[in-house]
Amino acid sequence: MSSLKFGLVAVILTVAGKLLAFGRDVVMSKYFGAGSATDAFFIANTIPGVLWAAALVTINVVFLPLYVAKRAEGDESAANFVNQSIQIYLLLALAMTSLCVLAAGPIVQLSAPGASPETVETATSLTVIMAFGFAFSSYVGVQNAIQQATGLYRAPLSVPIVNNVLAIVGIIVAAQYNDIRIAVIAAVLAWVLQVPIQRLQTRHLYSTTLRPLISRDTVSRLALLSLPVMLGTFLDQINIYIGIYLAGGMGPGAISHLNYASRLAMFLATTFSMLVSYFLFPRLAVDAVAADDARTGRTLALGILLIVGATLPPTVVSVMMREEVVSLVYGRGALSADDIAATASAYALFALGIVFIAVREIFNRLFFSHQRMVVPLVIGAVASVVNFFVSRWLGEFMGPAGIALGASAAGAVYLLGQAAVTFIWKPRLFTRALAIELVALFGAAVAGWLALRAMLPLLEDWALVLRLLGGGVIFTAVFLLALTPLVWRGGFRRLL
């Protein structure tokens, strides 16, 4: 019962954090719409993300397992390693902050060369403000990793909830004073507030020391293991950067349309897939240690089928009813009808990559469980090149929608690359049963799509919310009915 309770709490906190992160963008669209101010806001959020998120991710992937090993050596060894790591990450954060403060203008101009002078000026000041949050986020990241290593999950999973609530409040206050800088200041202050909250959770695990402790061995171990992860994350983040770079010259609001659309698509792509990957990762790690390919194949198949089964229905419905979905989510406040149409157009093409992006999470966990860190890095590099050239080519005659289609193409290339490498490396992981079940899922989605397409004209006169609910019910009913033969045969029970 305790594990069930833990799982339920973890699911609730994770989903709440995702919903509030998405809600932050909804509030932004309500109060600021789409224009030079929001373009500047999204540019400023992306630049630190590209520069700093890559380093921040390594805390969980690299620091956490090293800390677990140090704990086995004794409390003193673990405490020494924690203090060294905090100092190393703080120095790295200060270096990145200095870079952003001193070179914010050139970085923004390079990021969005076609943006208006007003947008560049605002984005430059916002980037400088955002950079001051690096040191605090690195410290919080270490505290969170320590808690996860000791079985404490509630406080780390609550971080996005607190941060996004404060970010939403900041956006509302910023709208009252017509100064978007307040929204960014609030986001930074959220990280500042997290420092004492998270340290309170770890105070009994180690004592803080202010004297310099950094050793060459610790720096070397962290750097060697972190580099491929950092590069892989950087390449993943660079795909967002590519959209801003190409959309900068497409007029005021183009960057915002892309970001609103991509945030909606990523919400669908990552919410359930991250949960599945989070809970199946330990099982994959155990399978890897035991070199049990049969069990690994069942775990991988379970993850793929759960992710596809949960992601495909809302994706198909939201694409078919894209203007209704965008209107419901963003269509209140400052976002105009033209902005909604442009966002919906971009979303429909971003959505083509949702399932690919969702499934890649479980494949990444497969590679990480076998310590094959370089594989996602190489695949990510190929996908980024595809994204840039396809988005640039399509963007010339399709505008922001072409950039969205290029991002989806990159997502497909990424997943196909993962599948190809896995098939060459461990072909036993792919079974005939998995292929049959995937065909059944996509066949059910096609049946649901045909039914919804036939019924949509009957829903035209319904109110917006009722129209969306009706469309969802029609698709889901047909989708589940089409899966009945597979469920009747107990197709999924073999994986549990």
Side-chain angles (χ1 to χ4, degrees), residues 22 25-26 28-29 33-36 38-43 45-46 111-116 119 236-270 311-312 314-331 334-358 383-415 449 453 456:
F22 185 54
D25 296 321
V26 173
M28 176 64 72
S29 71
S36 60
T38 52
D39 286 352
F41 178 82
F42 287 122
I43 292 170
N45 272 272
T46 300
S111 302
S116 67
T119 301
D236 198 32
Q237 293 290 322
I238 210 73
N239 288 314
I240 304 172
Y241 179 87
I242 288 170
I244 286 179
Y245 176 85
L246 295 174
M250 295 181 178
I255 291 175
S256 299
H257 299 151
L258 273 178
N259 274 271
Y260 289 138
S262 67
R263 299 294 179 93
L264 178 56
M266 291 303 293
F267 175 75
L268 291 177
T270 61
T311 306
L312 198 53
T315 299
V316 175
V317 173
S318 64
V319 170
M320 293 189 70
M321 306 182 75
R322 52 190 173 275
E323 293 218 6
E324 288 91 340
V325 170
V326 172
S327 294
L328 179 66
V329 174
Y330 296 120
L335 209 65
S336 69
D338 288 341
D339 291 328
I340 290 173
T343 301
S345 176
Y347 170 72
L349 296 174
F350 269 126
L352 296 177
I354 285 177
V355 174
F356 298 114
I357 293 170
S384 295
V385 172
V386 170
N387 187 11
F388 178 79
F389 285 104
V390 174
S391 295
R392 186 175 183 179
W393 172 55
L394 293 176
E396 290 180 356
F397 56 90
M398 292 179 64
I403 298 174
L405 185 55
S408 292
V413 168
Y414 196 109
L415 179 60
W449 170 72
R453 184 181 179 186
L456 272 180

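Hydrogens, waters and symmetry mates are skipped; everything else that's a heavy atom, side chains included, is used.
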### Query
Under 30°, 30 to 60°, or over 60°: which ring-plane class applies to Tyr260 and Tyr330, parallel, tilted or perpendicular?
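Rings of Tyr260 and Tyr330: tilted, as their planes differ by 30° to 60°.
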Side chains of [X] and [Y], heavy atoms from C-beta outward: is any pair under 4.5 Å?
X: Leu405; Y: Val390; value: no
X: Phe350; Y: Leu258; value: yes
X: Ile403; Y: Arg392; value: no
X: Leu456; Y: Met321; value: yes

Donor-acceptor check, side chain of [X] to backbone of [Y], threshold 3.5 angstrom: yes or no?
X: Thr119; Y: Ala40; answer: no
X: Asn387; Y: Ala410; answer: no
X: Ser391; Y: Phe388; answer: no

### Query
Between Ser256 and Asp39, is any side-chain donor less than 3.5 angstrom from a side-chain acceptor?
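Distance-only check passes for Ser256 and Asp39.
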### Query
Looking just at side-chain N and O atoms, do Ser318 and Tyr347 make a donor-acceptor pair shorter than 3.5 Å?
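There is such a pair between these side chains.
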### Query
When rounded to the nearest 0.5 angstrom, what is the spacing between CZ in Phe267 and OG in Ser262?
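The distance works out to 14.0 Å.
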### Query
How many angstroms lie between atom CD of Glu324 and atom CD1 of Ile340, to the nearest 0.5 angstrom?
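If I round to the nearest 0.5 Å, the distance is 11.5 Å.
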### Task
Would you mind listing every salt bridge (Lys or Arg N to Asp or Glu O under 4.0 Å) that reaches into residues 250-270, with sequence neighbours excluded?
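Listed once each, the pairs are Asp25-Arg263.
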### Task
Kindly state each residue pair satisfying salt bridge (Lys or Arg N to Asp or Glu O under 4.0 Å) with at least one member in residues 337-356, sequence neighbours excluded.
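Every pair satisfying salt bridge (Lys or Arg N to Asp or Glu O under 4.0 Å) with a residue in residues 337-356: there are none.
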